[in-house]
Structure formats: C-alpha cells, structure tokens
Amino acid sequence: MGRILRRDFYDRDTETVSRELLGAILECDTKDGRAAGIIVETEAYIGEHDAACHAAVGRTRRTEPLYGPPGNAYVYFIYGMHWCINAVTRAEGLPSAVLIRALEPLTGVPLIRLRRPKARTDRDLANGPAKLCAALGIDDRMNGLPLQRHPVVIRAGDQVTDSNVVITPRIGISRAEDWPLRYFVRGNPFVSRTP
DNA sequence: TCGAAGATTGTCT
DNA sequence: GACAATCTTCGAG
C-alpha cells in the first residue's frame with residue numbers, strides 16, 4: 001500500500017489536487033472491516049465565487065469544514081438519503097474541495113457488496129459519489145476528520161499519465177455548468193458516466 | 001415555524 | 001429518458 005498523503009498535498013490549487021487524486025486510494029475502516037478503492041473520478045469546487053460550490057452561500061454550519069485546514073474530509077448529506085465525501089483543499093480565504101465521484105473497488109469487496117445490495121454488477125458498486133460512500137461506510141461521523149489517519153485516509157497509488165486524464169464540465173449541477181472541472185481516468189469502466 | 005431546493009440513485013416506461 | 005424517494009439546511013415570515 002502507498003503512503004498516506006500529507007496535508008501539504010492538499011494545500012495547492014484545487015484543480016491540481018483533483019488531477020493528482022486520480023489513481024490514489026481512498027480507504028475507510030469501520031467496525032465491520034476495511035474497504036478501499038482507487039479514485040477514478042473527481043470534481044473541483046472552487047470557493048465562494050463558484051456558484052455550484054456549497055460555499056457560494058457563505059460560511060454556514062454546513063459549509064464550515066470547507067473553511068477548515070486542507071486535508072480534512074467534508075461529508076455532506078443530500079437529497080434526503082445520500083452522503084458524499086470531499087477532500088478540502090487550499091483554504092486560505094478560498095473554501096474549496098474535491099468531490100470524489102467514483103472508485104474502482106480494491107479492498108474488502110465482499111463487505112462492499114453487502115453494503116450495496118442494489119448493485120447488479122461490480123461496476124455499480126462505487127461508480128457514483130453517494131454509491132462510494134455507501135460502499136465504504138462513510139457518513140457524517142467522518143465529517144471534518146483529517147484524511148491522514150483512520151477511519152478515513154487517502155493513500156498514494158499508481159500515477160495516472162496525462163494522456164489518460166480526461167477533463168470535462170461537471171455533472172449533476174445547475175449552476176456554472178460549463179466550467180471544465182471534472183477529471184476522470186480515460187476508458188476506466190468504473191467512472192460514473194461518460195459524456 | 002414554513003417552504004423550497006439540492007454536487008443522487010434506482011425503478012419504471 | 002422521466003420521475004419519485006426523502007430530509008437537512010437555510011432564509012424568509
């Protein structure tokens with residue numbers, strides 16, 4: 001297993017962190033065991049001037065983690081039933097984060113299958129931001145926690161070369177839809193959706 | 001206190 | 001491809 005990514009990894013441009021998180025490994029321990037996967041899709045959300053970023057409404061109880069130190073987790077609840085996890089990036093007056101949108105399951109696949117009974121194929125286990133949180137057992141208990149120690153950590157993985165990185169507009173949002181801030185691994189079957 | 005919207009998913013046509 | 005499920009958060013009244 002690769003080493004755990006330190007805080008200074010996250011203390012850079014959000015686009016750079018989004019790009020370099022591709023190929024890294026998201027790992028989560030719960031009482032049920034360990035589950036982990038390779039990050040194959042991310043999106044950048046950049047500060048209060050990004051209308052699609054939660055921080056666009058300013059500093060509130062919900063967005064508080066975005067204003068905290070880089071390298072922390074920002075876990076939020078959406079649509080009354082789903083959790084999504086972000087890695088907070090450079091936050092000097094610029095509350096921004098990287099949404100992790102899809103994983104290629106790597107460790108604890110039997111446990112992941114138990115947590116994702118609706119998944120018909122292995123591709124469906126974690127190919128979406130809420131799916132991967134369910135797969136790894138991530139919820140509000142992890143909100144605001146540092147990503148350098150368990151239960152949730154991100155490790156270095158195999159590098160993804162530039163020619164294998166695809167950049168497109170973000171999906172599933174209704175504001176600032178044209179900004180090219182979505183990153184995913186070319187041809188990887190575990191990416192949530194290809195345009 | 002009330003109402004509206006949301007970084008989604010799964011099911012049905 | 002369309003739509004329901006479901007509830008927290010936030011701002012207005």
**Asked** OP1, OP2 of B:dT9 versus side-chain N and O of A:Arg116: anything below 4.0 Å?
**Response** no
**Request:** Verify the stacking flag for A:Tyr45 against B:dA7: centroid separation must be under 5.5 angstrom and the ring planes must differ by under 30 degrees.
**Result:** yes
**Request:** Without swapping roles, check the side chain of A:Asn188 against the backbone of A:Val40 for a donor-acceptor pair under 3.5 Å.
**Result:** no
**Asked** Any N or O donor-acceptor pair linking the side chain of A:Tyr76 to the base of B:dA7 at under 3.5 Å?
**Response** yes
**Asked** When you measure from the side chain of A:Ile173, which nucleotide among C:dC7, B:dT11, B:dA7 comes out closest?
**Response** B:dA7
**Item:** Integer angstrom distance from the P of C:dG1 to that of B:dA7
**Value:** 23 Å
**Message:** Please tell me if A:Ser174 has a side-chain N or O lying less than 4.0 Å from either OP1 or OP2 of B:dA7.
**Reply:** no
**Request:** Kindly say if A:His82 contacts the phosphate of B:dT9, meaning a side-chain N or O under 4.0 Å from OP1 or OP2.
**Result:** no
**Asked** So how far is it from A:Leu22 CG to A:Arg186 CZ, rounded to the nearest 0.5 Å?
**Response** 12.0 Å
**Item:** Protein-nucleotide distance (A:Tyr74, atom OH; C:dT8, atom C1'), rounded to Å
**Value:** 11 Å
**Asked** For the ring pair A:Phe77 and A:His82, is the centre-to-centre distance below 6.0 Å?
**Response** no
**Prompt:** For A:Leu132 and B:dT8, what is the distance between atoms CG and P respectively, to the nearest whole Å?
**Reply:** 12 Å
**Complete:** Taken to the nearest whole Å, CD/A:Glu41 to P/B:dT8 is 10 Å
**OP1 or OP2 of C:dT9 under 4.0 Å from side-chain N/O of A:Arg61** = yes
**Asked** Does A:Thr60 make a side-chain N or O approach to OP1 or OP2 of C:dC10 shorter than 4.0 Å?
**Response** yes
**Item:** Nucleotide B:dT9, atom P - distance to CZ of A:Arg101 in whole Å
**Value:** 7 Å
**Item:** Salt-bridge contact A:Lys118-A:Asp124 (side-chain N to carboxylate O under 4.0 Å)
**Value:** no
**Fill in**
note: A:Trp83, atom CH2; C:dC7, atom C1'; distance rounded to Å ~ 10 Å
**First encountered from the 5' end of DNA chain B, between A:Ile171 and A:Lys118** = A:Ile171
**Prompt:** Rounded to the nearest Å, what distance is computed from the CE atom of residue A:Met81 to the P atom of nucleotide C:dA4?
**Reply:** 12 Å
**Prompt:** So, do A:Leu99 and A:Thr42 sit near enough that their side-chain heavy atoms are less than 4.5 Å apart?
**Reply:** no
**Message:** Regarding A:Asp50 and A:Arg175, does a basic nitrogen lie under 4.0 Å from an acidic carboxylate oxygen?
**Reply:** no
**Request:** Provide, to the nearest angstrom, the distance between the CD1 atom belonging to A:Ile78 and the C1' atom belonging to B:dA5.
**Result:** 8 Å
**Prompt:** Counting only N and O atoms by type, is there a donor-acceptor contact under 3.5 Å from the side chain of A:Arg116 to the main-chain atoms of A:Leu125?
**Reply:** yes
**Request:** Would you write the dot-bracket representation of DNA chain C, where each base gets (, ), [, ], | or . depending on whether it forms a Watson-Crick or G-U pair under 3.5 Å and with which partner?
**Result:** |||||.||||||.
**Message:** Keeping A:Ser18 on the side-chain end and A:Thr14 on the backbone end, is there a donor-acceptor pair under 3.5 Å?
**Reply:** yes
**Asked** Between A:Arg62 (CZ) and C:dT8 (P), how many Å, whole number?
**Response** 12 Å
**Message:** Taking any heavy-atom pair under 4.0 Å as a contact, classify A:Ala130: base, sugar-phosphate, or nothing.
**Reply:** sugar-phosphate
